[in-house]
Amino acid sequence: MVDARQAAYLQALGVDVYVPRSSPPWEAGIAAEADVPAVPAAPAPPPVVATHAPAAALQPDIVANLDWEQLRAAVAACQRCELHATRTQTVFGVGNPRARWMFIGEAPGAEEDKQGEPFVGRAGQLLTSMIRALGLRREDVFIANVLKCRPPDNRDPRPSEAVSCRGFLERQVALVNPTLIIAVGRIAAQNLLATETPIAKLRGKVHSFGAQAWPVVVTYHPAYLLRSPGEKRKSWQDLLHARQLFSRLEQESASGGRS
Ligand code: SF4
């Protein structure tokens with residue numbers, strides 16, 4: 001049965017749902033109205049596909065040894081790439097520094113640059129709904145971006161900018177040490193996984209990021225979902241997949257299978 005938070009997420013996606021009262025949770029799928037096909041149950045998580053970033057993309061400097069406040073200060077003062085010249089402020093990230101879930105997007109937009117927080121505005125509201133659909137509050141997770149400064153006119157990050165900023169993200173992930181990372185959108189996924197593979201081929205698999213091979217799954221960016229309603233159903237599948245994988249990883253961790 002679709003519970004209140006899942007219904008809220010689907011409502012935010014613009015999907016009206018009807019589920020028979022006798023339907024079991026998750027296995028029942030979602031009987032949607034005529035113009036929206038039912039969402040199938042999430043497939044069993046496949047084995048982890050190691051997709052490590054090349055060593056050359058990493059920053060061999062002191063960032064890897066900074067604590068949380070030192071890292072925050074280093075980002076705020078950073079002038080490693082040209083984006084420092086046009087930013088209003090850096091956008092470090094927000095949320096629980098010991099979160100089990102980490103959401104990583106592309107870069108701050110205009111509103112994020114103004115407010116200093118990632119994923120605000122309509123896309124941010126939709127991301128918050130997606131987080132709630134997982135049974136979490138926004139403050140339970142940690143949200144960050146590949147880039148900490150806004151690219152002018154919301155252009156895509158340049159490879160050199162992503163490389164310059166990568167050490168900060170790697171240190172953030174190491175400090176949070178999440179059970180699972182959700183790469184939000186094509187740009188974030190391709191940067192995290194150091195690949196040019198299309199997002200459609202990255203979804204539905206389990207990748208890994210960084211020195212400790214943190215598990216990563218990929219879904220669409222909420223801004224894209226707002227523009228492309230036809231893809232909303234797939235993002236729901238991604239969340240079901242992520243939740244199933246998260247439960248498995250937590251169980252493995254509890255039984256000593258993963259540190
Ligand atoms: S985008 Fe990253 S590397 Fe570039 S100036 Fe901002 S914090 Fe520094």
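Order of appearance sets the numbers: ligands from 1, and atoms from 1 within every ligand. We count residues from 1, following the sequence as given. Worth knowing before you read on, the calculation uses all heavy atoms, side chains too, and leaves out hydrogens, waters and symmetry mates.
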With a cut-off of 2.8 Å, does any N, O or S atom of Cys149 fall short of it relative to atom 6 (Fe) of ligand 1?
->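 Within the cut-off used here (under 2.8 Å), Cys149 does place an N, O or S atom near atom 6 (Fe) of ligand 1.
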Supply the atom-to-atom distance His241 NE2 to Arg203 CZ, rounded to the nearest 0.5 angstrom.
->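 That separation rounds to 10.0 Å.
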Ligand-residue contact atoms, ligand 1 with [X], heavy atoms, under 4.0 Å:
{"X": "Cys165", "result": "1 (S), 2 (Fe), 3 (S), 7 (S)"}
{"X": "Arg87", "result": "5 (S), 6 (Fe)"}
{"X": "Ser164", "result": "3 (S)"}

What is the minimum heavy-atom distance between Gln172 and Ala144, and which atoms define it?
->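 The answer is OE1-CB, 3.8 Å.
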From Cys78, does some N, O or S atom reach closer than 2.8 Å to atom 2 (Fe) of ligand 1?
->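 Short answer: no, not a single N, O or S atom is under the cut-off.
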Sequence neighbours left out, cut at 3.5 Å: what donor-acceptor pairs do the side chains of residues 103-112 make with other protein atoms?
residue, atom, partner, partner atom, Å
Glu111, OE2, Gln115, NE2, 3.0
Glu112, OE1, Gly109, N, 3.0
Glu112, OE2, Val120, N, 3.1

Can you name the residues that form a salt bridge (charged side-chain N to carboxylate O under 4.0 Å, His left out) with Glu69, not counting sequence neighbours?
->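 Scan of Glu69 (salt bridge (charged side-chain N to carboxylate O under 4.0 Å, His left out), adjacent residues dropped) gives Arg72.
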Among Asp238, Ile181, Leu180, Leu239, which residue meets the side-chain contact (heavy atoms from CB on, under 4.5 Å) test with Val217?
->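 Answer to the side-chain contact (heavy atoms from CB on, under 4.5 Å) test with Val217 among Asp238, Ile181, Leu180, Leu239: Leu180.
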